[in-house]
Participant: 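First the structure, which I've put down as structure tokens, then a few questions once you've had a look.
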Protein chains: 2
Amino acid sequence: MDKKPVIAPKGRQQPRVKIEDVARKANVSPATVSRVLNHPDIVRPELRDRVMRHINDLAYTRDSAARALKSGRMRTVGVIVPTLALGIFAEGVEALQNRLSESGYTLFIANSQYDQRREFQELQSLIERGIDGIVLVGASHGRELRSLIEQAGVPVITTYVAKAGGGIPAIGIDNESATREMTEYLLRLGHVRFGAIANVVAASNDRSRARLEGIQRALSDAGLPLKPTQIVKADYSLAQGRSALRQLLTDHPDTTAVICTTDTLAIGAMAEARKMGLAVPATLSITGFDDVELAAQMDPPLTTVSVPAAEIGRGAADYLINAIAGSPVPRSVVLPYRLVMRSSSAPPRPSVRPARRGRSRDH
Amino acid sequence: MDKKPVIAPKGRQQPRVKIEDVARKANVSPATVSRVLNHPDIVRPELRDRVMRHINDLAYTRDSAARALKSGRMRTVGVIVPTLALGIFAEGVEALQNRLSESGYTLFIANSQYDQRREFQELQSLIERGIDGIVLVGASHGRELRSLIEQAGVPVITTYVAKAGGGIPAIGIDNESATREMTEYLLRLGHVRFGAIANVVAASNDRSRARLEGIQRALSDAGLPLKPTQIVKADYSLAQGRSALRQLLTDHPDTTAVICTTDTLAIGAMAEARKMGLAVPATLSITGFDDVELAAQMDPPLTTVSVPAAEIGRGAADYLINAIAGSPVPRSVVLPYRLVMRSSSAPPRPSVRPARRGRSRDH
DNA sequence: TTGTAAGCGTTATCAG
DNA sequence: CTGATAACGCTTACAA
């Protein structure tokens, strides 16, 4: 009896079963075995069954490297997300993988940490791997990357945005329009002193940039353009949501509505508001973006924009599967977002103004 | 002279640059080009540089299928997680991918939705893809799956647990010991009426099962064994944390400490406690597990167990890289967890009991 | 140090 | 309907 050493044995295990082994056992040629697997309908049923039995007996599976070499197709798709730490991307990737898996594709994953150089490198590595399709996130991609894609001649789709430059097809939502609507909703409630917290620190985060533009545009159109100090830039952490709110209220203590470009920031802002003793929404309305699971469970529940991440993932999978097969595909797919009005937003308190203020009358 | 057949490989655009093209341009043999790429040190520098120039000129990259076929190595690793929706897994996958990428490996990802059958199928598909290593999650894997792994002869490691059955190496924490410590801490604070909320609904969630056992064992050892109604089973959603707390307090209104097997459940429980008007921690102590980003930002901040997810991901990558290379590898790696005492836990209020009691003297 | 040539396992073509 | 055979693009003995 051999005692298991702490050290893994270096030796290669028993050689893989190959098509020839099956052929020999079944007394047919390798070609026939191949046909049984790839075109069962052109093999005499009786023979087909016999071969199949041997295939199962030997637990034979085709070598994917050899298949890929022969056919030029890997049946593999790659995705590069900025990070998996954001639930919204994780959800999209999960849906993408599930749909691809149903169609016999396998998914390579990589992350760029919001760094365009890293994105390029990871993509290069994936292309060298011979992937048949590429899923990216966002609209901002260097022209270097676009020419890499072009040269590789691999179908690509970018996600979470409604359109992208360089002729790259996209599937996602119109981020700018979503925040514009959200802002208009707050305007209708009667707000006039706004603040925005936007995670536009990462150069490549065009989603948040578009969202910020939506806010700015709506407010400009309403004759209430945001001053630079009314916009606090942050990364995507909860803690930055807190400090951003604090800074915003230091500069503009009379703000009544804060629009955040992600739920994470909004949740941080709500936490800070609570700590500062500000009632949400009585004193301050706060809104987010993404509709993460927690949003609905906050106290008060967070008003936000729901992003159909799973649908984006599935749509990207379908797009690529069709494109790879040479089937016709749409140029772009704009998915609907959904404004979810919850209790973190309300009309501003009428009595907020400077001077001494009497007791609030509304409750 | 064999001209290229009229029927080009379906769908391929301009034929790929191959090693022979580079060789011709550089006036060397294909073997030399190959050596420049794979063993640069054994090629005369001058020649090497010339070849390199042509490689760059033509933007040549090796066909990975052909390489894999020849070498029997795909330089590819696969991971199967229950879901990416849990930040803890997303974080681990991200770290895993980053480390693998540094070593020239690419990561296939799949998810099982906590379903052992799906896990088996996904693994089968990955193995057919010729992956060189496998990362799994948790200790519970059917013997069918284990024999599949054995037969494939591919290195494997399972994560987030300290040990697994079937001789599978593991990297992770001792979940049972962690909750035992947490429970003992609450006992030391003076709690005697406990409740547990555990996401043990998914049959394959052995992490939470182990955590629950840790709680039970500590309480049994303290002579305070949990009754079945003191244990509420849930899935891993925030909403279930809410309803679980409500149910627990319906059955045992005098509970002073609730131990949850995940932060998500704990956060749900805290939300519900607030809604019910129960002060945390004054009336009720609540603890979680995972130390997600939000835990520290809660009000009050959540006492929890910090799980080194990134370290687990990196460790799994290193393990596989070594195992694939035939280097010695440890049988298992137990990583330290960290109890993070925050303000959601405190001694029970002395005045909860029936009969009158003197004022507490300790403060 | 560089070139030649033999496969790696599969599948498509063509002949039987 | 089935069998022999020639690639697919690359790496690595082995030869020069």
Side-chain angles (χ1 to χ4, degrees), chain A residues 12 14-52 54-55 58-75 127-130 132, chain B residues 1-12 14-24 26-52 54-55 58-75 127-130 132:
Chain A
R12 205 76 192 121
Q14 69 268 43
R16 212 189 142 96
V17 179
K18 25 208 276 199
I19 204 170
E20 204 186 351
D21 301 326
V22 178
R24 197 167 18 239
K25 284 266 188 200
N27 253 317
V28 296
S29 75
T32 298
V33 178
S34 175
R35 276 189 287 256
V36 166
L37 254 11
N38 299 311
H39 313 285
D41 40 318
I42 65 168
V43 178
R44 187 162 40 93
E46 169 183 300
L47 181 56
R48 183 195 337 136
D49 294 346
R50 194 179 78 212
V51 172
M52 259 309 197
H54 288 280
I55 288 177
L58 297 176
Y60 166 74
T61 63
R62 291 165 287 185
D63 181 307
S64 69
R67 293 191 76 191
L69 176 58
K70 213 26 201 149
S71 68
R73 299 251 112 102
M74 280 289 235
R75 305 225 100 202
I127 286 179
E128 284 175 21
R129 279 279 188 284
D132 300 319
Chain B
M1 55 177 173
D2 49 15
K3 239 357 189 170
K4 197 95 182 172
V6 185
I7 305 170
K10 181 175 170 144
R12 213 79 191 126
Q14 66 269 65
R16 208 190 147 97
V17 180
K18 24 207 272 200
I19 203 170
E20 198 181 306
D21 301 326
V22 178
R24 196 165 21 239
N27 254 314
V28 295
S29 74
T32 298
V33 179
S34 174
R35 277 190 285 257
V36 166
L37 254 11
N38 299 312
H39 313 283
D41 39 317
I42 65 167
V43 179
R44 188 161 41 92
E46 170 182 300
L47 181 56
R48 187 203 323 146
D49 294 347
R50 194 179 78 213
V51 172
M52 260 310 198
H54 289 279
I55 288 175
L58 297 177
Y60 167 73
T61 62
R62 292 165 285 186
D63 181 307
S64 70
R67 291 191 77 190
L69 176 58
K70 195 55 188 136
S71 67
R73 299 250 114 102
M74 281 287 235
R75 305 223 100 203
I127 286 179
E128 283 174 22
R129 279 277 188 284
D132 301 319

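Chain naming here is simple, since letters A, B, ... match the order of the sequence lines and numbering starts at 1 in each.
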Participant: DNA chain C: B/V28 or B/S71, which has the more 5' nearest nucleotide?
Facilitator: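 It is B/V28, whose closest nucleotide lies nearer the 5' terminus.
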Participant: Classify A/K18 by what it touches in the nucleic acid, base, sugar-phosphate, or nothing, heavy-atom distance under 4.0 Å.
Facilitator: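 It contacts sugar-phosphate atoms only.
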Participant: Which of residues 33-47 of chain B have a heavy atom under 4.0 Å from DNA chain D?
Facilitator: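 B/S34, B/R35, B/N38, B/H39 - these, ordered by number, are the residues of the stretch whose heavy atoms sit under 4.0 Å from the strand.
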Participant: Send over the distance from B/R73 CZ to D/dT12 C1', rounded to a whole Å.
Facilitator: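 Result: 16 Å.
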Participant: Send over the distance from A/R24 CZ to D/dG3 C1', rounded to a whole Å.
Facilitator: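 Going from A/R24 (CZ) to D/dG3 (C1'), I get 16 Å.
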Participant: Tell me whether B/K18 is salt-bridged to B/D21, with the criterion being a basic N under 4.0 Å from an acidic carboxylate O.
Facilitator: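 A salt bridge is absent here (no side-chain N lies under 4.0 Å from a carboxylate O).
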Participant: Starting at atom CZ of B/R67, determine the distance to atom P of C/dG7, rounded to an integer number of angstrom.
Facilitator: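 After rounding, the reported distance stands at 22 Å.
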Participant: Of the nucleotides D/dT11, C/dT10, D/dA4, which has the atom closest to the A/D63 side chain?
Facilitator: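 Looking only at heavy atoms from C-beta outward on A/D63, the closest nucleotide is C/dT10.
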Participant: Counting heavy atoms from C-beta on, name the nucleotide in C/dT10, C/dA5, D/dC10 closest to the side chain of A/Y60.
Facilitator: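 Minimum distance to the A/Y60 side chain belongs to C/dT10.
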Participant: Has the side chain of A/K70 got a donor or acceptor that lies under 3.5 Å from a partner of the other kind on the base of D/dA7?
Facilitator: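 Pair found.
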Participant: Mind listing the side-chain donor-acceptor pairs of residues 40-49 of chain A below 3.5 Å, one per line with the distance, residues two or more places apart or on another chain?
Facilitator:
{"unit_1": "A/R44", "atom_1": "NH1", "unit_2": "A/E46", "atom_2": "OE2", "d": "2.8"}
{"unit_1": "A/R48", "atom_1": "NE", "unit_2": "A/P40", "atom_2": "O", "d": "3.2"}

Participant: From the set D/dA4, C/dG9, C/dT10, return the single nucleotide nearest to any side-chain atom of B/L69.
Facilitator: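 Nearest nucleotide to the side chain: C/dG9.
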Participant: How long is the line joining CE of A/M74 and P of D/dC8, in whole Å?
Facilitator: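 Computing the A/M74:CE to D/dC8:P distance gives 18 Å.
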Participant: Starting at CD of A/E20 and ending at C1' of C/dT10, how long is that distance when rounded to a whole Å?
Facilitator: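 Value for this atom pair: 11 Å.
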Participant: Should A/V28 and A/R50 count as side-chain neighbours, where that means a heavy-atom distance under 4.5 Å?
Facilitator: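 Side-chain contact under 4.5 Å: yes.
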Participant: So, is B/T32 near the phosphate of C/dG3, with a side-chain N or O under 4.0 Å from OP1 or OP2?
Facilitator: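 Indeed, a polar side-chain atom of B/T32 lies that close.
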Participant: Got a donor-acceptor contact below 3.5 angstrom from the A/R62 side chain to the A/I19 backbone?
Facilitator: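 Not a single qualifying donor-acceptor pair exists.
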Participant: Is any side-chain heavy atom of B/R67 less than 4.5 Å from a side-chain heavy atom of B/N38?
Facilitator: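 The answer is yes, as the side chains (C-beta and beyond) meet within the 4.5 Å cut-off.
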Participant: Counting only N and O atoms by type, is there a donor-acceptor contact under 3.5 Å from the side chain of A/S34 to the main-chain atoms of A/P30?
Facilitator: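 Flag not set: sc A/S34 to bb A/P30 has no pair under 3.5 Å.
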Participant: Taking all heavy atoms of A/K25 and all of A/H54, pick out the closest pair and write down the distance.
Facilitator: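 That would be O-CE1, 3.5 Å.
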Participant: Using heavy-atom distances to pick each residue's nearest nucleotide on DNA chain D, tell me which of B/A31 and B/A65 is more 5'.
Facilitator: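 This one resolves to B/A65.
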Participant: Between B/D21 (CG) and D/dC8 (P), how many Å, whole number?
Facilitator: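 Going from B/D21 (CG) to D/dC8 (P), I get 12 Å.
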